[in-house]
Peer 1: 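My structure is below; once you've seen it, I'll send some questions.
Counting starts at 1 for both ligands and their atoms, following the listed order. Below, all heavy atoms of this structure are taken into account, side chains as well, without hydrogens, waters or symmetry copies. This is a predicted model, so every value here is computed, not measured.
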Amino acid sequence: MSLKNQYLQHVYDQVCRRDPDQKEFHQAVYEVLQSFEPIIRKSPELFENGLLERLVEPERGIQFRVAWVDDKGVTHVNRGFRFQFNSAIGPYKGGIRFHPSVNASIIKFLGFEQIFKNSLTGLPMGGGKGGSDFDPKGKSDGEIMRFCQAFMTELYRHIGADLDVPAGDIGVGAREIGYMFGQYKRIRNEFTGVLTGKGITFGGSLVRAQATGYGLCYFTQEALAVMKNESFEGKITVISGAGNVAIYAAEKAMQLGAKVVAMSDSSGYIYDPDGIKLDIIKQIKEVERARISRYVNLVPGSEYHEGSKKIWQTPCKIALPCATQNEIDAEAAKALLNNGVIAVCEGANMPCTPEAVEAFIAAGIIFSPGKASNAGGVATSGLEMCQNSGRYCWTAREVDEKLRMIMINIFHNSYNASKEYGMEGNLVAGANIAGFLKVASAMRAQGIY
Ligand code: NDP
Ligand code: 2IT
């Protein structure tokens, strides 16, 4: 991959040379750097003193052993990570992912994205991310608890309510956060807001569970109205994934009038021409923790197709990828465009490959990067931190309204930046620039570190 600006290319080359195997991290860095050319022309002073070289290097990275015992008494060893990427504008903040694919490259790409995303929320949060290659699938509740306790038994010494505040991500939801919070509280002997996404009975915020999916739809709704004079009303919508983000994106899209016809998990996708019955998806995924293929046994007239990537062949006007990175490639993008898609808004982190993003932008449809359109989750985590430090709880209506306003602001800040820097409608460039400017200003003010 090559960048037009020599300095940007130099920074990118250095990143690739340092960690040649970290391809997801390279991809995330490249996508951000390519947006910076117009800022270099307009405000070269922002890049003095190696600011970019510092920005692409995590402030701190921790890797640790996590040993735990399964129900049969067998000992397992997993690897844990926490990358504390940037604390210029606030304590490190970002989720924890449990998935067998987790490695340093994945956690660094997510931590790097988180810097700009958290900046876009307007709240004082730095960027970080953690995780483990532990696979929660098929594990008993007791095994999950023991793993979470083992993970926190090391992580606790590196985090804190004013230092680094983890939350959920793939494979980490309210159950896992509860076990990790309990272990932190026991070891530290203190009850603080060290994690977000907690249960409502012990400091969690109302609407945090729904926040990423709802926020994605608030963002998409605003983008549709401003950029295309359109809405969700009556639009056939396809949503990948069937986890936390996908379920609540589907719920809000339906409330706003969309007809959601397809959802997926990592094995395959379901198609329901009458519109997905979300209570059945919730039952299968949140209660039974089963496969999405079960849906066809419960809903006559629906179809199951093996292979999750094929979901993008389903004709739709709005596509919300909410599963994982690189799930929409050039071929999937072509199918979506041929079928007349008008908006692709990312709920997952980096679900579209660079080739897919290029195709969407060239076609002039609405395309929004995850760091803008999925920021509602971490924004509401920020609201949870506010409530925890004030020892107070807001109502669901209050949190939901704050979330909605934050998402509308993120859209306008990204859209306005795209106009100001001569790339009107390019929300990738707009979000990268708007997110970067605040972080760069804070880093400059704090001296070289
Ligand atoms: P969940 O674990 O709740 O759900 C993940 C969903 O994606 C599942 O349906 C899962 O299927 C599917 N999936 C995971 N990995 C793969 C894969 N390699 N191939 C195909 N499908 C896959 O996670 P979330 O809903 O929380 O996260 C989804 C995305 O949203 C991630 O990119 C995450 O980083 C991002 N995100 C999450 C936020 C949050 O607050 N939770 C906030 C912002 C972004 P299966 O069950 O078969 O594995
Ligand atoms: O990718 C993300 O923004 C998240 N997984 C949520 C992070 C958070 O701290 O709530």
Side-chain angles (χ1 to χ4, degrees), residues 24 90-102 106-107 109-118 120-121 123 125-131 135-138 159 164-177 193-198 204-205 207-216 239-250 263-270 281 284-286 289-293 307-311 320-328 346-352 369-385:
E24 292 85 2
Y92 308 105
K93 181 83 195 87
I96 290 178
R97 176 177 291 192
F98 291 164
H99 193 272
S101 63
V102 162
I106 302 264
I107 300 300
F109 114 65
L110 291 162
F112 185 68
E113 292 277 287
Q114 203 81 42
I115 303 170
F116 308 96
K117 183 194 305 195
N118 293 3
L120 285 168
T121 66
L123 300 171
M125 300 182 290
K129 200 84 186 191
D135 186 358
K137 278 203 194 77
I159 62 175
D164 182 356
V165 183
D169 194 80
I170 290 178
V172 177
R175 173 179 61 165
E176 291 73 20
I177 294 290
V194 66
L195 294 164
T196 59
K198 298 182 292 295
S205 175
V207 191
R208 174 61 187 89
Q210 294 83 356
T212 313
Y214 279 20
L216 170 64
I239 301 181
S240 63
N244 173 264
V245 180
I247 286 177
Y248 292 100
M263 292 182 78
S264 61
D265 61 20
S266 60
S267 311
Y269 75 95
I270 51 156
I281 296 283
I284 296 170
K285 286 293 172 185
E286 294 183 341
R289 295 183 189 269
R291 307 309 297 160
I292 205 165
S293 54
S308 52
K309 275 201 172 170
K310 282 186 261 160
I311 192 173
L320 304 176
C322 296
T324 193
Q325 62 274 357
N326 293 327
E327 50 167 313
I328 297 186
E346 294 186 336
N349 285 308
M350 210 169 73
C352 298
K371 63 170 75 71
S373 45
N374 75 29
V378 73
T380 307
S381 279
L383 300 178
E384 183 170 327
M385 290 165 74

Peer 1: Checking a contact table here: which protein heavy atom is nearest atom 22 (C) of ligand 1, and how many Å away?
Peer 2: Ser266 CB, 3.8 Å

Peer 1: Can you check whether Val378 reaches Thr121 side chain to side chain, under 4.5 Å on heavy atoms?
Peer 2: yes

Peer 1: In terms of residue, atom name and distance, what is the protein heavy atom nearest to atom 15 (N) of ligand 1?
Peer 2: His99 NE2, 3.6 Å

Peer 1: Report yes or no: does Asn244 contribute a side-chain atom to a donor-acceptor pair with the main-chain N or O of Gly173 at less than 3.5 Å?
Peer 2: no

Peer 1: Got Val165 and Ser381 here, is their nearest side-chain heavy-atom distance under 4.5 Å?
Peer 2: no

Peer 1: Got the closest protein heavy atom to atom 16 (C) of ligand 1, with its distance?
Peer 2: Thr324 CG2, 3.6 Å

Peer 1: Return the closest protein heavy atom for atom 23 (O) of ligand 1 as residue, atom name and distance.
Peer 2: Ile170 CA, 3.4 Å

Peer 1: Does any N or O of ligand 1 fall below 3.5 Å from an N or O anywhere on Gly377, backbone included?
Peer 2: no

Peer 1: Among all protein heavy atoms in this structure, tell me which lies nearest to atom 4 (O) of ligand 1, with the distance rounded to 0.1 Å.
Peer 2: Gly243 CA, 3.2 Å

Peer 1: Counting N and O atoms only, with roles assigned by atom type, does the side chain of Glu113 sit under 3.5 Å from a partner on the main chain of Leu110, one being a donor and the other an acceptor?
Peer 2: no

Peer 1: Less than 4.5 Å apart, side chain to side chain, heavy atoms only: is that true for Val172 and Ile177?
Peer 2: yes

Peer 1: Return yes if some donor-acceptor pair links the side-chain N/O of Thr212 with the main-chain N/O of Gly376 below 3.5 Å, else return no.
Peer 2: no

Peer 1: Please check: side-chain N/O of Ser264 versus main-chain N/O of Gly241, any donor-acceptor pairing under 3.5 Å?
Peer 2: yes

Peer 1: Of Ala242, Ala323, Ala375, which has the heavy atom at the shortest distance from atom 13 (N) of ligand 1?
Peer 2: Ala323

Peer 1: Distance under 4.0 Å to a non-hydrogen atom of Gly241: what atoms of ligand 1 satisfy this?
Peer 2: 9 (O)

Peer 1: Quick one: which of Val172, Val245, Leu216 has a heavy atom closest to atom 25 (O) of ligand 1?
Peer 2: Val245

Peer 1: Give a yes or no answer on whether the side chain of Arg97 reaches the backbone of Gly130 with a donor-acceptor pair at less than 3.5 Å.
Peer 2: no

Peer 1: Distance under 4.0 Å to a non-hydrogen atom of Arg97: what atoms of ligand 1 satisfy this?
Peer 2: 31 (C), 32 (O), 33 (C), 34 (O)

Peer 1: Are the side chains of Val207 and Leu383 in contact, using a 4.5 Å heavy-atom criterion?
Peer 2: no

Peer 1: How would you list, by chain and number, every residue that makes a ring-ring contact (aromatic ring centres under 6.0 Å, His included) with Tyr248, sequence neighbours excluded?
Peer 2: none

Peer 1: For Glu327 and ligand 1, answer yes if some heavy atom of the residue is under 4.0 Å from a ligand atom, otherwise no.
Peer 2: no

Peer 1: Tell me whether ligand 1 is touched by Gly347 - counting only heavy atoms on the residue side and a distance under 4.0 Å.
Peer 2: yes

Peer 1: Evaluate Lys137 for polar contact with ligand 1, using N/O atom pairs at a separation under 3.5 Å.
Peer 2: yes

Peer 1: So, do Lys117 and Asn349 sit near enough that their side-chain heavy atoms are less than 4.5 Å apart?
Peer 2: yes

Peer 1: For the pair Glu176 (side chain) and Gly168 (backbone), establish whether a donor and an acceptor sit closer than 3.5 Å, ignoring hydrogens and angles.
Peer 2: no

Peer 1: Are any of the N/O atoms on Gln325, whether in the backbone or the side chain, positioned under 3.5 angstrom from an N/O atom of ligand 1?
Peer 2: no

Peer 1: Is Asp169 close to ligand 1, meaning an N/O of one under 3.5 Å from an N/O of the other?
Peer 2: yes

Peer 1: For Asp265 and ligand 1, does the shortest N/O to N/O distance drop below 3.5 Å?
Peer 2: no

Peer 1: Checking a contact table here: which protein heavy atom is nearest atom 43 (C) of ligand 1, and how many Å away?
Peer 2: Thr212 CG2, 3.5 Å

Peer 1: Please examine the side chains of Ile107 and Val102, heavy atoms only from C-beta on, and report whether any two atoms are closer than 4.5 Å.
Peer 2: yes

Peer 1: Any idea which atoms of ligand 1 are less than 4.0 Å away from a heavy-atom of Cys322?
Peer 2: 28 (C), 29 (C)

Peer 1: Tell me which protein heavy atom sits closest to atom 41 (N) of ligand 1, plus the residue, atom name and distance to 0.1 Å.
Peer 2: Asn244 OD1, 3.7 Å

Peer 1: At what distance is the nearest protein heavy atom to atom 32 (O) of ligand 1, and which residue and atom is it?
Peer 2: Asn349 N, 3.1 Å

Peer 1: So, do Glu346 and Cys352 sit near enough that their side-chain heavy atoms are less than 4.5 Å apart?
Peer 2: yes

Peer 1: Let me know which of Asp169, Ile115, Ile96, Ile106 forms a side chain to side chain contact (heavy atoms under 4.5 Å, CB included) with Lys129.
Peer 2: Asp169

Peer 1: Are the side chains of Met350 and Pro321 in contact, using a 4.5 Å heavy-atom criterion?
Peer 2: no

Peer 1: Answer yes or no: does an N/O atom from Asn374 fall short of 3.5 Å to an N/O atom of ligand 1?
Peer 2: no

Peer 1: Counting only heavy atoms closer than 4.0 Å, does ligand 1 sit against the backbone of Arg208, its side chain, both, or neither?
Peer 2: side chain

Peer 1: Name the residues with a heavy atom less than 4.0 Å from ligand 2?
Peer 2: Lys93, Gly94, Gly95, Gln114, Lys117, Lys129, Ala167, Gly168, Asp169, Arg208, Asn349, Gly377, Val378, Ser381

Peer 1: Between Asn374 and Gly347 (side chain of the first, backbone of the second, donor and acceptor by atom type, cut-off under 3.5 Å), is there such a pair?
Peer 2: yes

Peer 1: So for ligand 1, is Gly171 a polar contact partner (N or O within less than 3.5 Å, distance only)?
Peer 2: yes

